[in-house]
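Notes for the one structure printed next.
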Amino acid sequence: MDSVTIQPTSTLPHYLHGSVTLVGAGPGDPELLTVKALNSILDADVILYDFLISPEIVALFPKQSHAIAVGKRCNGQSTSQQTINELLLQYAQLGKKVCRLKGGDPFIFGRGGEEALFLEQHNIQCAIIPGITAAMGCCSYSGIPLTHRQVSRGFTVITAHSQKDTHQINWQALVELQHSLVFYMGLNRAEQIAAQLMRHGMAASTPIAIISQGTTPNQRQLITSLAQLPEQLAKHALPSPALIVVGDVVTYHHQIHNTLLRDIEYYL
C-alpha cells in the first residue's frame, strides 16, 4: 500500500476569521444566477456590489445584510480599486462574511484576480464562484452562437474599455484568426473597432452586432455590417452596457429566435 504524506498544518496559510467570496452575478437576468451564487448572497453579512448588478438581483439581498455599491462607471461616479480592496479587508478582519458581487464572471474583465491576490496577501480566506459572462449570456439571448461548424471554430474576447486598449490590440492577428470576436466595454469605440478591422483586411460586409443591456427586459440590439455601422449608430443610439460581436455567426440571429425575449427591439 502506498504511503500518504500529510502536509503539516503549520505550512498552510493562516487565515483570519472573516471570509470573502468573489461571486459572478451573470449578465443581468436574475434567473441566470447560479444556485451557489444566490446562496452566497443570502448568507452574506456584507455585500459589495458593482453598478452593473441589475435591480432585480439587488432586490434579492437580505434585509439584514449591509450592501455597499462600489462599482465603476465610465466618466461617472466610481470607486477606486484601492478603496474596494480596503473595504474587503476591513470587513473580513471584523469577522464578517463578505460577498463581493460582480457582473458576469469575476475573472473575465472583473478584476477578480487582483482582488483574490490581495486577499491572499493579507491571509483572508477567499472563495471564487464563477458566473455566466456577458459574451455567453448576451449572445445566447440574441440567437448568436459564438461557435458554429464551418463558420467559427473559436471565439476571442477583447476589452476595448479605453483608448489605450484599442491601441494595444493586434488587429492583424484578430483578423487572421477567423474567430468570432467579442468586444467588452467598447460601445464608445465601436466605429473605431470596425474601421481597424476593415483596415487590416476584414471584409466590409462582415456582420456586426451591438447588444445593449443584454439578458434584461431592456435588451436592444443593432445588427449591421462593418461598413454600415457608423450610419446605423447615428440612427439608433444604444445605452451602455453593451457588447460588440463581429463575425459570420451574427447572421444566425435571423434564423435562431430565443423565445426568452419575445418583445425585444431589433435595429437592422
Side-chain angles (χ1 to χ4, degrees), residues 26-32 52 54 103-105 108-109 131-160 169 171 174-198 200-268:
D29 185 341
E31 292 188 281
L32 293 181
L52 290 179
S54 67
D105 182 271
I108 300 181
F109 304 132
I132 295 175
T133 188
M136 295 184 292
C138 295
C139 287
S140 292
Y141 271 49
S142 303
I144 299 173
L146 284 171
T147 61
H148 194 80
R149 282 194 299 171
Q150 300 178 343
V151 176
S152 175
R153 298 181 64 83
F155 65 95
T156 300
V157 180
I158 311 108
T159 177
I169 293 172
W171 297 100
L174 288 182
V175 172
E176 292 175 355
L177 272 175
Q178 298 184 334
H179 277 190
S180 305
L181 304 179
V182 183
F183 293 88
Y184 280 58
M185 300 171 284
L187 181 60
N188 293 333
R189 293 173 179 79
E191 294 184 36
Q192 179 185 350
I193 289 169
Q196 288 283 10
L197 291 172
M198 289 188 289
H200 289 83
M202 187 171 285
S205 60
T206 301
I208 180 171
I210 300 181
I211 306 168
S212 169
Q213 300 181 334
T215 79
T216 74
N218 297 319
Q219 177 169 328
R220 301 292 181 268
Q221 54 200 45
L222 169 66
I223 309 291
T224 186
S225 66
L226 293 179
Q228 295 176 332
L229 180 65
E231 177 185 349
Q232 293 302 315
L233 276 178
K235 293 179 180 178
H236 307 291
L238 297 173
S240 293
L243 194 77
I244 300 171
V245 187
V246 182
D248 289 337
V249 292
V250 172
T251 61
Y252 289 98
H253 154 77
H254 302 287
Q255 303 171 48
I256 300 173
H257 304 101
N258 190 338
T259 58
L260 287 173
L261 294 175
R262 292 177 181 174
D263 299 326
I264 191 171
E265 289 185 20
Y266 300 106
Y267 305 125
L268 306 176

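Only heavy atoms go into these numbers, but all of them, side chains included; no hydrogens, no water, no symmetry mates.
Nearest approach of Val245 to Cys139, heavy atoms of both residues: CG2-SG, 3.6 Å. Shown here for Gln232 and Leu222, the closest heavy-atom pair between the two residues is CB-CD1, 3.8 Å. Looking at every heavy atom in both residues, Leu146 comes nearest to Ser180 through O-OG, 2.7 Å. Contact record, Ser142 with Gln221: OG-OE1, 2.8 Å, taken as the closest heavy-atom pair. Shortest non-hydrogen contact noted between Leu243 and Ala135 is CD2-CA, 3.7 Å. Pairing each heavy atom of Pro239 with each of Ser212, the nearest pair is O-OG, 2.6 Å.
Proximity of Leu187 to Ile210: side-chain heavy atoms (C-beta onward) are separated by under 4.5 Å at one or more points. With a 4.5 Å cut-off on side-chain heavy atoms, Phe109 and Thr133 do not count as touching. Side chains of Val246 and Leu226 form a contact here, defined as non-hydrogen atoms less than 4.5 Å apart. Counting heavy atoms from C-beta on, the side chains of Ser225 and Thr206 never come closer than 4.5 Å. Counting heavy atoms from C-beta outward, Tyr141 and Asp29 have side chains that approach closer than 4.5 Å. Within the 4.5 Å cutoff, no side-chain heavy atoms of Ile144 are placed close to those of Tyr252. Side-chain contact between Ile169 and Ile158: present, with at least one pair of heavy atoms (C-beta onward) separated by less than 4.5 Å. Contact of the Asp248 side chain with the Pro207 side chain is registered, since non-hydrogen atoms from C-beta on lie closer than 4.5 Å.
To the nearest 0.5 Å, atom CD1 of residue Ile208 and atom CG of residue Leu181 are 9.5 Å apart. In this structure, the separation between NE2 on His200 and CG on Leu197 is 9.0 Å, given to the nearest 0.5 Å. From Ser54, atom OG reaches atom CG of Asn218 across 10.5 Å, with rounding to the nearest 0.5 Å. The line from CZ of Arg153 to NE2 of His179 is 9.0 Å long, rounded to the nearest 0.5 Å. Put simply, CD1 on Ile193 and CZ on Arg189 are 8.5 Å apart, with the number rounded to the nearest 0.5 Å. His236 NE2 to Ile223 CD1: the interatomic distance, rounded to the nearest 0.5 Å, is 11.5 Å.
Not a single donor-acceptor pair under 3.5 Å links the side chain of Gln196 to the backbone N or O of Gln192. In this structure a side-chain-to-backbone donor-acceptor pair under 3.5 Å is missing from Ser240 to Ala242. No donor-acceptor pair closer than 3.5 Å links the side chain of Ser152 to the backbone N or O of His148.
Around CD of Glu31, the count of heavy atoms belonging to other residues, nucleotides or ligands within 6.0 Å does not exceed 12.
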Could you walk me through whether Thr156 and Leu174 pass the side-chain contact (heavy atoms from CB on, under 4.5 Å) check?
CA-CA 8 Å; Thr156 300; Leu174 288 182; 4.0 Å; yes
